[in-house]
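Below: one structure, written as structure tokens.
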Amino acid sequence: MQWVTVKDALTGKVPVDSEVTLKGWVRTRRDSKAGLSFIQLNDGTCLANVQLVAQNTLPNYADQVAHLTAGCAIEADGVLTPSQGRGQSVELQASAVRVVGEVDDPETYPIQPKAHTYEFLREVAHLRPRTNTFGALTRVRHELAQAIHQFLHGQGYYWISTPIITASDAEGAGQMFRVSTLDQVNLPRDDKGQIDYSQDFFGQETFLTVSGQLNVEAYCLALSRVYTFGPTFRAENSNTTRHLAEFWMIEPEIAFADLAANADLAEAMLKAVIGQVLERCEDDLAFLAGRSDKELIDRLRNLADSEFVRMDYSEAVKILAECGKRFEFPVSWGSDLQTEHERYLTEVHVGSPVVVMNYPEKIKAFYMRLNEDERTVAAMDVLAPGIGEIIGGAQREERLDQLDRRMRQFHIDPTHYQWYRDLRRYGTVPHAGFGLGFERLVAYISGMGNVRDVIAYPRTPGNAQF
RNA sequence: UCCCGGAUAGCUCAGUCGGUAGAGCAAGUGACUGUUAAUCACUGGGUCGCAGGUUCGAGUCCUGCUCCGGGAGCCA
């Protein structure tokens, strides 16, 4: 008998009256003394369950079928028929139900047919994919990743798998996790008493990457349009709804491009991928919207067809200073925008994503390009309502003298960046790129309030189980 | 790391003025002629986060600790 997915069975791909096998996990069982049980079966291929109808004439009805509880793994053979009840168009009239894996202690099986808190589900991260919410989130996340690859591929971008392990110890984006095979209990020392990393696996100090940007710039200056999409690590003691110690980031890099072209790509990409997820994940998004924010889908649709507002940092400061709202932190030209300022701009002033551009040079990273005014750099942040900064990017400093000046200004040792400096010596061109936090985008699209709930196994300070 | 809040049954929570613990869901048993997180009845289920203190008596008040959540900082 042919094994079909629940999705195919429910969406008409499997003809009515055909004999099929379904496999999956029991969500609920309801008994009727008419001599039958209804079993809701889910296999993760879609949000909906398929209803199995199991008659008490099945040989294992009394001792197995009538005792099925949430979480049991089963296979069922039968004929797919139009449903006699309401609530589903088809159901499987089971001719056999085989128990593949039972739940040995139903009372303590954590996933019950009821609403659980996200905090509780994080403690059972290995079982939470069996819930409607995490099933939906998993499918949305997958479609979004596919949409990003498809969009960039369609625009002629090549995916560069930049290294996870790096020797650049000052990429300017936060604390790093050390990678070492040295015996931590008995560390080798040099004559000055310092740890002797020449004896370490790579012969030098190494870390987990905080960004693939520097590496991908080299490929940009050869293949013109490239991007990275991979895991990224920050050893910051951040305890918020939008930070993870291990997260995924998309970093496109465009040659012969300025900041405006960079913002154009960011906007086109967000619109395209959100449009594609809206189209492909209708049921899942409708379910997620019902759990979080009823206006989610309208807001996403709106975003996909409206123009992003763009403003200079200087203009943003002016708006904030004159808006009449009292902020905890004062607004002044030269200091970075606080979360409360960003939220006001995107949530109150604009009401949709906003691109803030051209920040003071002192508050932005060394590789960002100095503007003509010599007091700002060509940096941009894309701010989205509810989640805040979703994209951070810049036109890169392609002039060697300016890059060296910026490195000195930030007390960065140029000897660690000789290969990066080489890119400015050999055929340098204006180029620009940005980093998009994948979990932040999934959270924004799904309406979830915490990035810990849009990644399979969140890594945060003090938390790396599973 | 800082500020605020929280921790009571497998889960979600209530617990008044300090007087030895409750509900819903889940689980078990039974009832019910096709149900929709079915319904109804009954049953079992507790180291009240940990350690001290005050008190005749602490889930409740006090102190310390642990863990969790929200906000802030860092950033994507």
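Naming: A, B, ... by sequence-line order, numbering from 1 per chain.
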Looking at the base of B:G44, is there any donor atom on it, or on the side chain of A:Glu107, that sits under 3.5 Å from an acceptor on the other one?
yes
Apply side chain to side chain donor-acceptor pair (under 3.5 Å) to the pair A:Thr376 and A:Glu361, showing each step before the final yes or no.
CA-CA 5 Å; A:Thr376 60; A:Glu361 61 139 0; over 6 Å; no
Both A:Tyr109 and A:Ser32 contact RNA chain B. Which one's nearest nucleotide lies toward the 5' end?
A:Tyr109
Looking across every strand, which nucleic acid part, if any, lies under 4.0 Å from A:Ala115 by heavy atom: base, sugar-phosphate, or nothing?
base
Do the charged groups of A:Glu389 and A:Arg440 touch, with an N to O distance under 4.0 Å?
no
Using a strict 4.0 Å threshold on nitrogen-to-oxygen distance, state whether A:Arg369 and A:Asp258 make a salt bridge.
no
Mind checking if A:Gln93 touches a base, just sugar-phosphate, or nothing, with heavy atoms under 4.0 Å?
base
Using a strict 4.0 Å threshold on nitrogen-to-oxygen distance, state whether A:Lys7 and A:Asp43 make a salt bridge.
no
Report yes if a donor N or O on one partner sits less than 3.5 Å from an acceptor N or O on the other, where the partners are the side chain of A:His243 and the base of B:C75; otherwise report no.
yes
State the dot-bracket string of RNA chain B. Criteria: Watson-Crick or G-U wobble, both atom distances under 3.5 angstrom; notation: ( ) intrastrand, [ ] crossing earlier pairs, | interstrand, . unpaired.
(((((((..((((.....[..)))).(((((.......))))).....(((((..]....))))))))))))....
Picking from B:U12, B:A27, B:G34, which would you name as closest to the side chain of A:Lys114?
B:U12
Kindly say if A:Thr117 contacts the phosphate of B:U12, meaning a side-chain N or O under 4.0 Å from OP1 or OP2.
yes
On the nucleotide B:G69, are OP1 or OP2 found under 4.0 Å from the side-chain N or O atoms that A:Arg122 carries?
yes
Under-4.0 Å side-chain N/O to phosphate OP1/OP2 contact, A:Thr28 with B:A38:
yes
Would you call A:Arg139 and A:Glu143 a salt bridge, taking side-chain N to carboxylate O under 4.0 Å as the test?
no
Please classify the nucleic acid contact of A:Phe247 as base, sugar-phosphate, or nothing, using heavy-atom distances under 4.0 Å.
base
Strictly below 4.0 Å: does A:Gln40 bring a side-chain N or O up to OP1 or OP2 of B:U36?
no
Run the numbers on A:Gln40 and A:Thr28 for side chain to side chain donor-acceptor pair (under 3.5 Å), then give the verdict.
CA-CA 5 Å; A:Gln40 294 292 329; A:Thr28 62; 5.2 Å; no
How far does the C1' atom of B:U8 sit from the matching atom of B:G45, given to the nearest Å?
14 Å
Examine B:G70: is either OP1 or OP2 under 4.0 Å from a nitrogen or oxygen in the side chain of A:Asn450? Give yes or no.
yes
Out of B:U35, B:A37, B:C75, whichever nucleotide has its closest atom nearest the side chain of A:Thr339
B:C75
Select base, sugar-phosphate, or nothing to describe what A:Glu91 touches, counting heavy atoms under 4.0 Å on all strands.
base
Determine the contact category for A:Gly85: base if any of its heavy atoms lies under 4.0 Å from a base atom, sugar-phosphate if only primed atoms, P, OP1 or OP2 are that close, otherwise nothing.
base
Which residue lies more 5' along RNA chain B, comparing A:Gln112 with A:Asp381 via nearest heavy atoms
A:Gln112
Measure distances between side-chain N and O atoms of A:Gln84 and base N and O atoms of B:G34, and say whether any donor-acceptor pair falls under 3.5 Å.
yes
Is a salt bridge present between A:Arg406 and A:Glu397, judged by a nitrogen-to-oxygen distance below 4.0 Å?
no
Whether A:Arg27 contacts B:A26 is assessed here as follows: a side-chain N or O lying under 4.0 Å from the phosphate OP1 or OP2. Is that the case?
no
Is A:Arg30 close enough to B:U35 that one of its side-chain N or O atoms is under 4.0 Å from OP1 or OP2 there?
no
Would A:Arg299 and A:Tyr444 count as a cation-pi pair here, with the cationic atom under 6.0 angstrom from the ring centre and within 45° of the axis?
yes
Can you find an N or O donor on one side and an acceptor on the other, under 3.5 Å apart, linking the side chain of A:Arg242 with the base of B:A76?
no
Quick one: the side chain of A:Ser238 and the base of B:C75, do they pair up donor-acceptor inside 3.5 Å?
no
Under 4.0 angstrom, heavy atoms only, what part of the nucleic acid is A:Leu244 near: base, sugar-phosphate, or nothing?
base
Would you measure the distance from the C1' atom in B:C74 across to the matching atom in B:C17 and give it in whole Å?
47 Å
Once you apply a heavy-atom cut-off of 4.0 Å, does A:Leu441 come out as touching a base, just sugar-phosphate, or nothing?
nothing
Can you tell me if A:Thr241 touches the phosphate of B:G71, counting only side-chain N or O atoms and a distance under 4.0 Å to OP1 or OP2?
yes
Is any side-chain N or O of A:Arg452 closer than 4.0 Å to OP1 or OP2 of B:G69?
yes
Classify the side chain of A:Asp31 and the base of B:U35 as holding, or not holding, a donor-acceptor pair under 3.5 Å.
no
Checking B:G73, B:A27, B:C75 against the side chain of A:Gln338 (C-beta onward), the nearest is B:G73
Using a heavy-atom cut-off of 4.0 Å across all strands, would you classify A:Glu340 as base, sugar-phosphate, or nothing?
nothing
Is the shortest side-chain N to carboxylate O distance from A:Glu267 to A:Arg310 below 4.0 Å?
yes
